[in-house]
There are 2 protein chains.
Amino acid sequence: MENTDITNISISEESYECSFTVDCAVFGFQEGVLKLLLVQKGIDAFKGYWLLPGGPMQENQTAEQAVENILHLLTGLKNVHQQQVHCYSSVDRHPVKRVVTICFYGIIKPENHPIVSEKHDDVKWFRIDELPKLGFDHDTLANDALNKLKSNVEEKLILGELLPEKFTLTELQELYESLMDQKLDRRNFRRKILQKGLLKKSGEKKTGVKGGPELFELTQR
Amino acid sequence: MENTDITNISISEESYECSFTVDCAVFGFQEGVLKLLLVQKGIDAFKGYWLLPGGPMQENQTAEQAVENILHLLTGLKNVHQQQVHCYSSVDRHPVKRVVTICFYGIIKPENHPIVSEKHDDVKWFRIDELPKLGFDHDTLANDALNKLKSNVEEKLILGELLPEKFTLTELQELYESLMDQKLDRRNFRRKILQKGLLKKSGEKKTGVKGGPELFELTQR
DNA sequence: ACAAAAGTGTTTTTGATACACCCATGT
DNA sequence: ACATGGGTGTATCAAAAACACTTTTGT
């Protein structure tokens, strides 16, 4: 593995090149649980496997542009703010050729972002606790992305983005509990979250549910 | 920037390729301040500029292997544990050709790791508060790496690796203060750091300094 | 002997956790 | 009217912050 050829420390026209892909773990919150968006597109080597949406970076794109573009092509999603998770560069991680990949993650409100795909059933939301075995090394990527999401949530609680415009505190709490996989005290949760000052009452109440809970919204985005 | 050619969502032998470099921000603690290791190697476009040590990834290497290899070639350093910071993929970030880079960071004890370079003066430690203007976009990389280091230190305090084998608690505290750019209470710092259980008394005392401070060492590595 | 830095414990404050009752709405 | 979930306050506990004097060593 070690390379001691000192002529190779500088970039030239002839420098080694390889392909580059971007993959993204898009998380959403639906039916009270955290979900991950997977696709099953005709990539020969892993036909039949579910995968994180992803594909090659092109000549005129940054990785960030590539991931936005590819996610749109595969799923119809647009304007999903993405964040880098990690770069994977094992020599043999792709069966066709050497491919380095960067994994991103993004969070969306599923109900605001309709999935668009030519075939049915090749783009689907999966419960995070019921993921199928993924192709390539995407199990690892998905797991790393989830951990990144969790640790970002622990630091600064930016989860409003996963919920509809207006939501109850119970809904927000369920999201936390699902993500962090732990139960929280309702009163303590309310206090902590409200004193962040990121939420305000919308003035409306949610109907169809007992107790008539207040609907909240983000103060800013 | 947008690409709507659906044929490009899959990797083939003909997929676009580009070069790849790794750069690394190596941090050390010397003379009571945090320092960053920079090199001034003959990279044509940025001759005369100081840079993070870095260079191209080769065909048979992962990014992790490449960064270890290149750091060794440029500076003589070995066994520097590195961690990924971020991937930079602006199309025009390199003057010769399109180059995507992954930035790493590592921390070492300078006195245990002698710098080896053919020329003198082309590899040097710089105080973190007196960095020169760097070539390419390395100002950004260095800054991002420092922030990553800081946030990792806040979580789990792994800083013994920056100090000599045996060190006083004051020296450790100065490292923290230098890194975090804030003053800490000596007693609170001692208590907090000792109850982590990662340090033990070496039994020796440091001479040449008033008060005769105890020398500590890491319990494990 | 004096100056400078090291070593040590207690009090106060703050934030986190645990806990129970009343109120609003849907059925 | 009753059942279900929503909304609220306080007491306790643990962790973080503030604070001052004594001991050791170098000059």
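Order of the sequence lines sets the chain letters (A, B, ...), proteins ahead of strands, with each chain counted from 1. On a predicted model such as this, the values are computed, not experimentally measured, just so you know.
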Please report the distance, rounded to the nearest Å, between CD in B:Glu214 and C1' in D:dT23. 14 Å
Between A:Ser117 (side chain only) and A:Val123 (backbone N and O only), is there a donor and an acceptor less than 3.5 Å apart? no
Atom CG of B:Leu169 and atom P of C:dA6 are separated, to the nearest Å, by 10 Å
Which word best sums up how the rings of B:Tyr176 and B:Phe189 line up, parallel for under 30°, tilted for 30 to 60°, or perpendicular for over 60°? perpendicular
Minimum heavy-atom separation for A:Val100 and A:Ser89, please, with both atom names. CG2-CB, 4.0 Å
Please tell me whether B:Glu64 and B:Gln84 have a donor and an acceptor in their side chains that are separated by less than 3.5 angstrom. yes
Can you measure B:Lys183 atom NZ to D:dC19 atom P for me and round it to whole angstrom units? 17 Å
What is the distance, rounded to the nearest whole Å, between atom CD of A:Glu171 and atom P of D:dG5? 14 Å
Figure out the NZ/P separation between B:Lys192 and D:dA17, and round it to whole Å. 6 Å
Protein and nucleotides 13-15 of chain D: nitrogen or oxygen contacts under 3.5 angstrom:
none

Return whichever of A:Val209 or B:Lys201 has its heavy-atom-nearest nucleotide of DNA chain C closer to the 5' end. B:Lys201
On a plain distance test, is the side chain of A:Arg191 in donor-acceptor contact with the base of D:dT10 below 3.5 Å? yes
Both A:Asp185 and A:Lys210 contact DNA chain C. Taking the nearest nucleotide for each, which residue is further toward the 5' end? A:Asp185
In whole Å, I'd like the distance from the CZ atom of B:Arg186 to the P atom of C:dA4. 15 Å
Looking at C:dT8, I'd like to know if its phosphate oxygens (OP1 or OP2) sit under 4.0 Å from a side-chain N or O belonging to B:Arg190. yes
Phosphate oxygens OP1/OP2 of C:dC19: is one of them under 4.0 Å from a side-chain N or O of A:Arg187? no
If we only count heavy atoms from C-beta on, is the A:Leu218 to A:Leu199 side-chain gap below 4.5 Å? yes
By nearest atom, which of the nucleotides C:dT17, D:dA18, C:dT8 is closest to the A:Asn188 side chain? C:dT17
Any side-chain N or O of A:Lys205 below 4.0 angstrom from OP1/OP2 of C:dT25? yes
How many whole angstroms separate atom CG of A:Leu184 from atom C1' of C:dT17? 11 Å
Base, sugar-phosphate, or nothing for B:Gly211, non-hydrogen atoms under 4.0 angstrom? base
Report the distance from atom CD of B:Gln195 to atom C1' of C:dG9, rounded to the nearest whole Å. 14 Å
Side-chain contact test, heavy atoms from C-beta onward, threshold under 4.5 Å: evaluate it for B:Leu52 versus B:Leu38 and give yes or no. yes
Base, sugar-phosphate, or nothing: which does A:Thr170 touch, judged by heavy atoms less than 4.0 Å apart? sugar-phosphate
Using salt bridge (Lys or Arg N to Asp or Glu O under 4.0 Å) as the criterion, list what pairs up with B:Asp122, not counting sequence neighbours. B:Lys41
